[in-house]
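Below is one structure, written out as structure tokens; comments come after it.
What you see is a predicted model; the values in this text were computed from it and never measured.
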Amino acid sequence: MTIYEDTKKVEIKRYRKFKTDEFYPSDLGEPEHHIVNELSMAVRAGNRIFLRGQTGFDLEGNFHGIGDVAAQTDMACRCVKQLIEEAGGSVKDICKMTVYILSREDRSKVYPVIAKHFKDVYPCSTGLIISGFAMPEMLMEIDVEAVISE
């Protein structure tokens, strides 16, 4: 018996499909930052939920918090909550969170906002300081994975 013989087929559902050239405002970034791609905001595979990295963009493509990492974090956290719920879960189902920020000094602004939104959740978390994002206006990004207990 191989590991593949016991694998069950799971339903995959995609939430909030979008085309990047229609989602991102043309006045942000530079023309070379606007790449044509087709993505989903969330994907549920069985009882697992994967989210697109959340930044200062709301779910309609409006950017919030230019120059304000705390405001971007707040918007990202609000979107995480909404997307998880749309996919049938809750923030209590979040298992893994990866937080990307541009400046080490911004940790003191980002993490209190995350703590406010995800109180009593206790996910595993990794924080990274990186050199840049897809658009220069972005100062942070949160990547989340959740498992809905059945």
- Value for CG (L59) from CZ (F18), rounded to nearest 0.5 Å, stands at 10.0 Å
- CG of L39 to CZ of R14: how many Å apart, nearest 0.5 Å? 10.5 Å
- Item | K19, NZ: over 12 other non-hydrogen atoms inside 6.0 angstrom | no
- Heavy-atom closest contact (A42 atom, L51 atom, distance): CB-CD2, 3.5 Å
- Query: Shortest non-hydrogen contact from Y15 to E86?
  - Reply: CE2-O, 3.2 Å
- Message: Does atom CZ (R107) have a neighbourhood of more than 12 heavy atoms from anything else shown, all under 6.0 Å?
- Response: no
- Item | Heavy-atom closest pair, residues I12 and A45 | CG1-CB, 4.1 Å
- Kindly indicate whether the side chain of E141, heavy atoms from C-beta on, has any atom under 4.5 Å from the side chain of I130. no
- Query: Do L102 and M138 come within less than 4.5 Å of each other through their side chains, counting heavy atoms only?
  - Reply: no
- Apply side chain to side chain contact (heavy atoms under 4.5 Å, CB included) to the pair R44 and I148, showing each step before the final yes or no. CA-CA 10 Å; R44 180 170 173 175; I148 301 170; 3.3 Å; yes
- What is the distance from atom CG of D143 to atom CZ of F50, rounded to the nearest 0.5 Å? 10.0 Å
- Of all heavy-atom pairs linking V91 and I84, the shortest is N-CG2, 4.1 Å
- Which residue, Q72, Q82, K116, H117, forms the side chain to side chain contact (heavy atoms under 4.5 Å, CB included) with C77? H117
- Message: Membership question, hydrophobic clusters at under 4.5 Å side-chain separation (ILVMFWY): are Y100 and I66 in the same one?
- Response: yes
- Query: Just how far is it from atom CD of E105 to atom CD1 of I129, taken to the nearest 0.5 Å?
  - Reply: 8.0 Å
- Looking only at heavy atoms, the pair that brings V99 and Y111 closest together is CB-OH, 3.6 Å
- Query: Quick check: does any side chain N or O of R78 sit under 3.5 Å from a backbone N or O of V80, one acting as donor and the other as acceptor?
  - Reply: no
- Message: Assigning hydrophobic clusters by single linkage (Ile, Leu, Val, Met, Phe, Trp, Tyr; side-chain heavy-atom cutoff under 4.5 Å), is V144 placed with F57?
- Response: yes
- Looking at side-chain heavy atoms only, is the closest gap between K109 and T73 below 4.5 Å? no
- What's the shortest heavy-atom distance between M97 and P123, and which atoms? CE-CG, 4.3 Å
- Rounded distance (nearest 0.5 Å) linking atom OH of Y122 with atom CD1 of I94: 14.5 Å
- Kindly determine whether D93 and I49 satisfy side chain to side chain contact (heavy atoms under 4.5 Å, CB included), including the steps that lead there. CA-CA 9 Å; D93 298 318; I49 299 172; 5.8 Å; no
- Query: When hydrophobic residues are tied together by side-chain contacts of less than 4.5 Å, even through go-betweens, does V113 share a cluster with V110?
  - Reply: no
- salt bridge (charged side-chain N to carboxylate O under 4.0 Å, His left out) evaluation trace for K17 with E38: CA-CA 7 Å; K17 297 176 187 175; E38 295 176 345; over 6 Å; no
- Working to the nearest 0.5 Å, report the span between CE of M140 and CD of Q54. 9.0 Å
